[in-house]
Amino acid sequence: MLEVSGLRVSYGGINAVKGIDFAVRAGEMVTLIGANGAGKTTTLKALTGLLRPVAGAVRYNGEDIVAVPVYQRVKMGIALVPEGRGIFPRLTVEENLDMGGYVRNDVAAIRADRDHVYALFPRLAERRRQTGGTLSGGEQQMLAIGRAMMSRPRLLLLDEPSMGLAPLMVQKIFATIRAIAAEGVTIMLVEQNARLALEVCQRGYVMESGEITLHDNAQALLANPQVRRAYLGEDA
Amino acid sequence: MTFTDKLKTNPAALWSGVVLIACALIALPFALAMAGTTWVRVTNLAILFTLLALGLNIVVGFAGLLDLGYIAFYGVGAYVYALLASPQFNLHLPFWVILPIGALAACVFGVLLGAPTLKLRGDYLAIVTLGFGEIVRIFFNNLSQPVNITNGPQGISRIDPFTIGSFSFSQNEVLLGLNFSGPIKYYYLLLLVLIAVIVINLRLEDSRIGRAWQAIREDEVAAQAMGINTTRIKLLAFAMGASFGGVAGGMFAAMQGFISPESFVLVESVMVLSMVVLGGMGNIWGVIVGALLLSFVPELLRHTVDPLQRSLFGRLIVEPEVVRMLLFGLALMLMMLFRPAGLWPSKVRQRELADE
Amino acid sequence: MEIFLQQLINGLTLGSVYAVVALGYTMVYGIIQLINFAHGEVVMIGAMVAFSVIGWLAANTALPPLVIVLIGTLAAIPACVGVGYALEIFAYRRLRHAPRLAPLITAIGASIVLQQVAMMIWSRNPLGFPQIIPNTVYHLEGATITLVQIAIIVTSVLLMVGLTLVVYRTRLGVAMRATSQNAHIAGLMGVNVNQIIAATFMIGAALAAVAGVMVGSYYGIAHYTMGSLLGLKAFCAAVLGGIGNLAGAMLGGMLLGIVEALGAGYIGDFTNNVFGSNYQDVFAFLVLIGVLVFRPSGLLGERIGERA
Amino acid sequence: MSILLDARDIGKRFGGVEALSAISLTIEHGEIYGLIGPNGAGKTTFFNVLTGVYRADSGGFSFDGAPLNVSAPHQVAVAGIARTFQNIRLFANMSALENVMVGRHVRTHAGIFGAILRGAGTRAEERAIHERARALLDYVGLAARGNEIAHSLPYGDQRRLEIARALATDPKLLALDEPAAGMNATETATLRQLLERIRTDGTTLLLIEHDMKLVMGLCDRIAVLDYGRKIAEGAPAAVRKDAAVIEAYLGGELA
Amino acid sequence: GKNEPAPAPKADAAQELIVKIGHAAPLTGGIAHLGKDNENGARLAIEEANARNIVIDGKKVKFELLAEDDEEKPDRGPIIAQKFIDAKVAGVVGHLNSGVSIPASTVYAQAGIPMVTGSSTNPKLTEQGLKNVFRTVGRDDQQGPAIASYLATEYKPKLVAVIDDATAYGEGLGTEVEKTLTAAGIKVLPREKGSKDSRDWKAVLTKIKGKKPDAVFYGGMDATAGPLLKQGRELGIKVVFAFGDGACTNTMKDLAGDAAEGFVCSQAGIPVQAASSKFLADYKAKFNAEPIQYSPFTYDSTHVLIAAMQKANSADPAKYLPELAKISHNGASGKIEFDEKGDRKNAEMTIFMMKNGKIEPLAIIKGGASVKYEDFIKSAAATPAAPAVTAPEKK
Ligand SMILES: Nc1ncnc2c1ncn2[C@@H]1O[C@H](COP(=O)(O)OP(=O)(O)OP(=O)(O)O)[C@@H](O)[C@H]1O
Ligand SMILES: Nc1ncnc2c1ncn2[C@@H]1O[C@H](COP(=O)(O)OP(=O)(O)OP(=O)(O)O)[C@@H](O)[C@H]1O
Ligand SMILES: [Mg+2]
Ligand SMILES: [Mg+2]
């Protein structure tokens, strides 16, 4: 479904992503882990078009989408839950969710999906008339995920969805991600909680200073002593 | 290693550079006078506006407070000078007494303006300062009734020039075979003030206060959490900026010999702000470049549009003033479009831009 | 009493003019936090185009006056929309991520250019706006109100209501608001940000065209410098009401108009003529400052719930 | 041990939302006190009230034996409380070193005239600020990154820089809002060492954190908030077994 | 200025004397139209002079006009002045605004260059004691009393409202009008003010309406006076409106429409219509426009300078300045002589009324006495028609 080759992204001369290749098959759950500043967020931004790569190709369903503008990629089914959540601070919770469904026209279905999100995150239902900016960190994260789901994506990119969430909520969100995947949505997950990420995903890529240094299935990575030392906090 | 670092490690080069620049600045008015004394006057006015721009830079560039009424402080300085050194009240105090009074008065106005409004952010502050500037101007324009203080729109004329003993800055004088005209004398005085103001600016920027200004600009909440009394520090910026304006105003009144409220209108505030922004907010050298450029470009156009048209087409196609204004407007746009952070931005502002 | 009523009518009319111009400011400001300082010039272009078209039609056709004015307005709208779009493309688009004050300078540059171009086209002279609508005067409890005044007040209220519906009830509106808060994220939601911003500029410019016709026909004058002061006052009105807020622009405009009228009308009487109508603007600005000191985001401005 | 911070009956509402209701707690000198609870429980709000960003609707604090009367946020720093922010709030375009130097503001004095005249006193103070800032960068492990611009630092480093900047104010109490958020397990372990060292060096810590491993391992005492109320308080071992806490917050612990 | 003759060939340079005359007025901004009008007046005079092949000091003179835009800005005044001085002009016509003329005048004074303004009416300009400053236009304190006494005698008001545009010109004029009226025992309401950009006068007018004055005077330009008059009538103020020269133009008809009918106004000097018909025709022919306001005066100012040079047989300012001070010249705006301050002696003032969309002269006021316009014209016709320019040989 997604094929990335030779992707290079830089910030005004600083190379953040230095020519990486990876692929995600339809219906798969793949995680990208790596230390702070490894280039994970940068990679996701390049996939959504927020950043223009210096070189490389991004194929989505076989089509090279490097030149496709951000808003059209959404229509093609790519959604991102951005790092830092990106809530519209002065739209209400409900309007934020509606924005998620901006590319869709089926009013009834949108309403149904909204109720689905509320069922998933009752806290959002309680706060539906409150503006996004006044939500707590965790509430905003729920909103960002809910909003991304509203576009009915086929490829959902998540950038550190567990960040700032209470343990109970992390469980809930991961369960939700699993459920979303079960509905056939392809998922690419960037996560600091590497253990959790590798537990839910089938495959994983490890990124270090802009390059992909390891790639394996999740179980193998969990067992990899190097990964255990660097990302799972074990003094193996 | 940057250029300045290199200079630091090579004091000989540094000093020869300084001496060279000093010589150039000292010789400049005579060179200009050869092209026409008008260029000396233009330069003087340009320096005056550079002083204003540097003052405003403290408020806008350092502390990040948008001020659209800055010209009011210039006006306060000018009126203080005019009232204390003209037939208006028959007072003729010497300039070295009045200039500090003018600076102080402007400073007080700065605090008066700042105190109630500093909580406002961005464009709201801009509008309030704009209003303040207009209020001050309206008072200049109307305080001829019921008691005549400012002489209203008629303005105050026959203002004393700067004099030290019998040495007057407005008279011609021949010294060592060189003709020191009034404008040339004022040039040297302005240059001295300008150097002082630059030094003050540089030192402020690189100080505890300067860092606090920058911190406030970056993130006010975080700055407060670091124990910075944001209200006080912002007021300080307003007060400092205002005093520079006050000094410039006093010099303007003396050089001009006549002032009226027309010189302190909103457009002038906008012009000074443009100098700061165009040159490169926050960077002293950039601001100077901006001020000089915006002062000289219209004059250069004034001197070139007409002859250029004649030499190109043999006659005037479009009236020169129209072309001048058109080119000026376009120049403003183009310079900003191609150097959005200003012609010579501060490192910090460059980063802010790269950030997006 | 009749004097007071008259002053209220005066203020309301003036306020309506401010309001329509302020709506244009607020639309653009709302979406990209940009003070479109050239907006006043767009109003001027609107007035000038209408001046020419109305003048020509009145001289060369026998159409009824109302139709002529309508055609004039309809001609001014595309002209202004064109100018507004051009401003967005040439003066602002490149600077969307530039430091906040950069577009201010291009706006000033654009104002100068627009003024000079207008001067070349329409001359330096103040132009008498064709007075073709019979200026019927109605009497109301001793006060007078003209047809044009009524038209102005009604139009501005209608425009405000219409715009509010657009912004709060339509997809375009939500997209505008989302773009205004975070353009990158709006893009991630599938919003074509450039298109939305351009649309906003064009709506603002269309409003400016209407305002230009209003001002021209109310005061009977069009001049290439007429936009600056009007633009400035209207911007103050927008800020007073809470910039970015449509109802705020309306309220701010009305309030500013009324404050100016009452200021001019009564300061003298209240201060025993020590201060007079010459302090009208002082009074207006003091009200503005007062409001902002107590409501730092304007009367109806959204207080941004900033979290630490 | 003596009481450093005593919060009594702190209440805070936002419109209809009761973000904090009658929260009382005490923090002792030298301890690490944890504040946990579900998202939206009111933890950050408690910080904001404590540090003067918001004004409490009811209740009050006493700090180091005296009532903490703040009319402006900066006075909190003067009193000796420093904080970090849940969404990092560095001075993004200043260098790491400059960020820490700003932290010294509250403990230094040079004013306008000092800056302009730049006498011996001012110069000595500037030198001291520099040295202290460098030392603090070294302390948090950023010695090599002093000249880098804050916003281009990796996330974890930004967190550490925020701590260094807060420490520069010589706080008695350092309040940290989710310092480990966005860090992986290995990085969190390093952070833990840093926090322990800060405590050993004499600064009391108040910590909001969702990383249970860190909280349980580091804190001496923990308070749990839920819907603006304190639902539990005590030693980590006791809190993690508390039924209400498990129900509201921990869930069936993570694998 | 599109049809300047091409620069003269080099060969003539030996016999030809180039004399530069500066002209400064705002050519951009709110009153640019008046500035251009002034410039046109001067330009016309220069062309006429060149056509007459004047000889000074044995050389054929070619006059050149250096026209500058002073932007209405006081701080541009000295710079433009210096530019003229650097360009070695023999004399200057201008500036338009008193606020610019005053700071510029001291610069001219230092260089000894004469300046003759055709439109700066503020008394202060010539009260500075400078020997080089002249004006061909009346002072505010001549014009104000003229229109005020006309109002007082013709309309016999008991209460007058005075409004101004808060500029040096408008306020100064308003003050003079007020003085004269008060001296005549007429009550004057507290002054009301707008600004030079005011379009909305309703509030001020409503207030005035409540006080029921018998006449309204406004000191300001036509661009503001037009809306004022229009709105005054809309509010139902039926009394007479009077204006100074700034609003004494036909443009008032365009701006105020039918409301314009019947207002009175004054102009310093004799009316444009009364200006020599030759001037009117030439202006129209050359610029394809009607003169707006002060162009007859700048035209005369230019001629006065040239006449003085001819008399002195020198274009050297130091030499011809004394001649300028005692010049007597029949210009487009009547006879021009200067008093010791440099003001125009016995400047005539004309009172106009808007009739059928055109301002028509009603009376000429000179030395405090009022003469009906028709009588003035008759008496003028009695004396042989004044040539536009004094012939140099008449000594
Ligand atoms: N706007 C920017 N300007 C300059 N450099 C940047 C910018 N954003 C990121 N970088 C740099 O690019 C590199 C990759 O950053 P990125 O945000 O992709 O990392 P990440 O893997 O997502 O890290 P984290 O876990 O902290 O989110 C880092 O070195 C970072 O400092
Ligand atoms: N300025 C505000 N206006 C309105 N409501 C607010 C405001 N600030 C906080 N709240 C509300 O108060 C509640 C507590 O928020 P707070 O940020 O303190 O939660 P928290 O415990 O820090 O959560 P998290 O762990 O997710 O950061 C939330 O429901 C939030 O929506
Ligand atoms: Mg990241
Ligand atoms: Mg929180």
Side-chain angles (χ1 to χ4, degrees), chain B residues 60 66 116-117 119-128 130-132 134-135 137-139 141-142 145-146 152 221-222 224-225 266-267 270-271 273-274 276-278 281 318-319 321-326 328-342 345 349 352-353 355-356, chain C residues 29 33 35 37 90-92 94-117 119-120 184 228-229 232 235-236 238-240 242-243 273-276 278-282 284-290 292-293 296-298 301 304 306-308:
Chain B
V60 182
L66 185 47
T117 58
K119 278 198 215 89
L120 301 175
R121 276 161 209 261
D123 304 302
Y124 290 92
L125 183 62
I127 282 299
V128 167
L130 181 154
F132 171 82
E134 281 297 282
I135 289 175
R137 185 188 62 83
I138 293 171
F139 272 98
N141 210 24
N142 289 297
Q145 292 264 331
V221 173
Q224 285 176 328
L266 175 67
V267 180
V270 173
M271 205 61 206
L273 182 67
S274 305
V276 173
V277 177
L278 194 100
M281 250 196 310
V318 187
E319 292 143 313
E321 65 276 2
V322 176
V323 180
R324 192 185 82 229
M325 291 305 279
L326 272 178
F328 184 61
L330 283 174
L332 282 183
M333 292 178 71
L334 291 177
M335 282 195 264
M336 228 50 231
L337 286 172
F338 289 102
R339 308 231 11 133
R349 301 282 178 176
E352 281 165 27
L353 186 64
D355 190 22
E356 294 291 334
Chain C
Y29 187 93
Q33 281 73 52
I35 308 177
F37 256 102
F90 294 118
Y92 300 138
R94 270 183 68 112
L95 296 181
R96 221 171 271 161
H97 306 296
R100 297 263 296 113
L101 290 179
L104 188 93
I105 307 298
T106 51
I108 294 167
S111 297
I112 295 176
V113 171
L114 283 175
Q115 282 197 14
Q116 294 302 312
V117 170
M119 183 178 97
M120 290 198 291
H184 288 300
S228 348
L229 187 69
L232 200 70
F235 182 66
C236 290
V239 169
L240 182 63
I243 187 142
N273 293 317
V274 174
F275 300 107
N278 41 350
Y279 289 92
Q280 159 190 344
D281 280 359
V282 172
F285 278 123
L286 285 179
V287 170
L288 183 83
I289 294 173
L292 290 184
V293 166
S297 316
I304 302 156
E306 205 196 350
R307 303 264 336 241

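Residue numbers begin at 1 in each chain, while the letters A, B, ... track the order of the sequences.
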Select one option (side chain, backbone, both, neither) describing which atoms of [X] are under 4.5 Å from chain B's heavy atoms.
X: Arg96(C); value: neither
X: Leu101(C); value: both
X: Leu104(C); value: side chain
X: Leu292(C); value: both
X: Leu114(C); value: neither

Side chains of [X] and [Y]: closer than 4.5 Å at any heavy-atom pair?
X: Leu326(B); Y: Val117(C); value: yes
X: Ile289(C); Y: Pro116(B); value: no
X: Ile138(B); Y: Asn278(C); value: no
X: Leu130(B); Y: Phe285(C); value: yes

Item to complete: Look at Ser274(B), Gly329(B), Ala225(B) and state which one has the largest set of heavy-atom pairs under 4.5 Å with chain C.
Response: Gly329(B)
Worksheet entry | Among the listed options Val128(B), Leu332(B), Ile127(B), Leu120(B), the residue most often paired with chain C at heavy-atom distances under 4.5 Å | Ile127(B)
Measure the [atom1]-[atom2] distance between [X] and [Y] for me, rounded to the nearest 0.5 Å.
X: Arg137(B); Y: Asp281(C); atom1: CZ; atom2: CG; value: 8.0 Å
X: Ile105(C); Y: Met333(B); atom1: CD1; atom2: CE; value: 12.0 Å
X: Leu337(B); Y: Tyr92(C); atom1: CG; atom2: OH; value: 10.5 Å
X: Gln116(C); Y: Glu319(B); atom1: CD; atom2: CD; value: 10.0 Å

Worksheet item: Quick one: does Tyr124(B)'s side chain have a donor or acceptor within less than 3.5 Å of a partner on Gly242(C)'s backbone?
Response: no
Worksheet item: At a heavy-atom separation under 4.5 Å, does Leu66(B) approach chain C through its side chain, its backbone, both, or neither?
Response: side chain
Worksheet item: For Leu266(B), is it the side chain, the backbone, both or neither that has a heavy atom under 4.5 Å from a heavy atom of chain C?
Response: side chain
Discussion item. Classify the ring geometry of Phe139(B) against Phe275(C): parallel below 30°, tilted from 30° to 60°, perpendicular beyond 60°.
Written reply: perpendicular
Worksheet, complete the sentence: In terms of heavy-atom contacts, Pro340(B) and Ala98(C) come closest through CB-CB, 3.5 Å
